[in-house]
Amino acid sequence: DRQPAFAVRDDDAPMPEDAWLRPFSSPFFSVWERRGRHAGDLPLRFGLDRSERARLIAIARASVGHAVEGRAAPLDQTALPRRLLFKADVGVALWAGEHLRGSVIMEGRGLGEGVREAAARAAADPRFKPVGAAELDALSIEITVIGDLRVPLSAAEIRAGEIYPDKGYRLVSGDRAGWFLPEVFNA
């Protein structure tokens, strides 16, 4: 019995959420993926569980603390859960109250390593005043794991001239590329 792995829908009809996950949606269409198609560890686009999220926040917080002291935070990759070793693009944004203090994206690294490096770089993001030791306890850390599903904007979306503030955008021009993420856009 061969069942489709993905479904693309241009209507609002629901799919059974116990069998399908929606990794992408827009006002124009949705992409659905069958939950049961993966044996073993699920791809990161299925989301992180509570312990994985807590571990990434701990890695980021330690990395920022070490960076403020001018040191690199250690990371024992052998002690990380398998999914935190999966290659991913990841963004870390640092907030002091309502003020963005740094935001950096690392591409193609193991998730734990990418968070460690992005957090350290965000603490010294040259677009902002460097994070200081007195700010560490009150600093908010936002981690964005950028899904591996890449969906180009449709002609209708481009004509509409609107962006979705809940989506990240990878902008490419020739051999240059950059990211546009909601946490920076909404700052």
Test applied, side chain to side chain contact (heavy atoms under 4.5 Å, CB included); reference residue, Leu111; option that passes from Leu85, Leu84, Ile143, Asp89: Leu84

Sole candidate of Leu100, Asp125, Val131 that passes side chain to side chain contact (heavy atoms under 4.5 Å, CB included) when paired with Leu94: Val131

Hydrophobic cluster identity match, [X] and [Y], side-chain contacts under 4.5 Å:
{"X": "Phe29", "Y": "Phe6", "answer": "yes"}
{"X": "Leu42", "Y": "Leu80", "answer": "no"}
{"X": "Phe86", "Y": "Leu75", "answer": "yes"}
{"X": "Val172", "Y": "Ile146", "answer": "no"}

Work out which heavy atom in [X] is nearest to a heavy atom in [Y]; give both atom names and the distance.
{"X": "Ala119", "Y": "Val64", "value": "O-CG2, 3.6 Å"}
{"X": "Arg116", "Y": "Ala72", "value": "NH1-CB, 4.2 Å"}
{"X": "Gly65", "Y": "Leu136", "value": "CA-CD1, 4.0 Å"}
{"X": "Ala133", "Y": "Val68", "value": "N-CG1, 3.5 Å"}
{"X": "Arg37", "Y": "Arg34", "value": "CG-O, 3.2 Å"}
{"X": "Arg127", "Y": "Ser103", "value": "NH2-O, 2.8 Å"}

By salt bridge (charged side-chain N to carboxylate O under 4.0 Å, His left out) - contacts of Arg55 (at least two apart): none

Full working for side chain to side chain contact (heavy atoms under 4.5 Å, CB included) between Glu117 and Ser63: CA-CA 7 Å; Glu117 193 168 338; Ser63 185; over 6 Å; no

NZ/NE/NH1/NH2 to OD/OE distance under 4.0 Å, Asp41 and Arg83: no

To the closest 0.5 Å, what do you measure between [atom1] ([X]) and [atom2] ([Y])?
{"X": "Arg121", "Y": "Met106", "atom1": "CZ", "atom2": "CE", "value": "4.0 Å"}
{"X": "Leu48", "Y": "Arg53", "atom1": "CG", "atom2": "CZ", "value": "7.0 Å"}
{"X": "Glu98", "Y": "Ser140", "atom1": "CD", "atom2": "OG", "value": "10.5 Å"}

Other residues, nucleotides, ligands: >12 heavy atoms within 6.0 Å of Asp76 CG: yes

Validation row: Ile59, Val115 side chains within 4.5 angstrom (heavy atoms): yes

Student check: side-chain heavy atoms of Glu33 and Val31 closer than 4.5 Å: no

Spell out, as yes or no, whether a donor-acceptor pair under 3.5 Å connects the side chain of [X] to the backbone of [Y].
{"X": "Ser173", "Y": "Arg176", "answer": "no"}
{"X": "Arg101", "Y": "Phe128", "answer": "no"}
{"X": "Glu135", "Y": "Gly132", "answer": "yes"}

Test side chain to side chain contact (heavy atoms under 4.5 Å, CB included) applied to Lys87 and Arg109, step by step: CA-CA 5 Å; Lys87 297 268 187 230; Arg109 304 232 182 6; 5.8 Å; no

CA sep, side-chain torsions, deciding dist, call: Glu142, Trp95, side chain to side chain contact (heavy atoms under 4.5 Å, CB included): CA-CA 8 Å; Glu142 183 174 355; Trp95 296 86; 3.2 Å; yes

Residues that Arg9 engages under side-chain contact (heavy atoms from CB on, under 4.5 Å), provided they are two or more places apart: Asp11, Ala13, Met15, Trp32

Contacts of Ser25 that satisfy side-chain contact (heavy atoms from CB on, under 4.5 Å) - sequence neighbours left out: Arg22, Ser30, Lys167

Aromatic ring pairing His38/Phe46, orientation class (parallel under 30°, perpendicular over 60°, tilted between): perpendicular

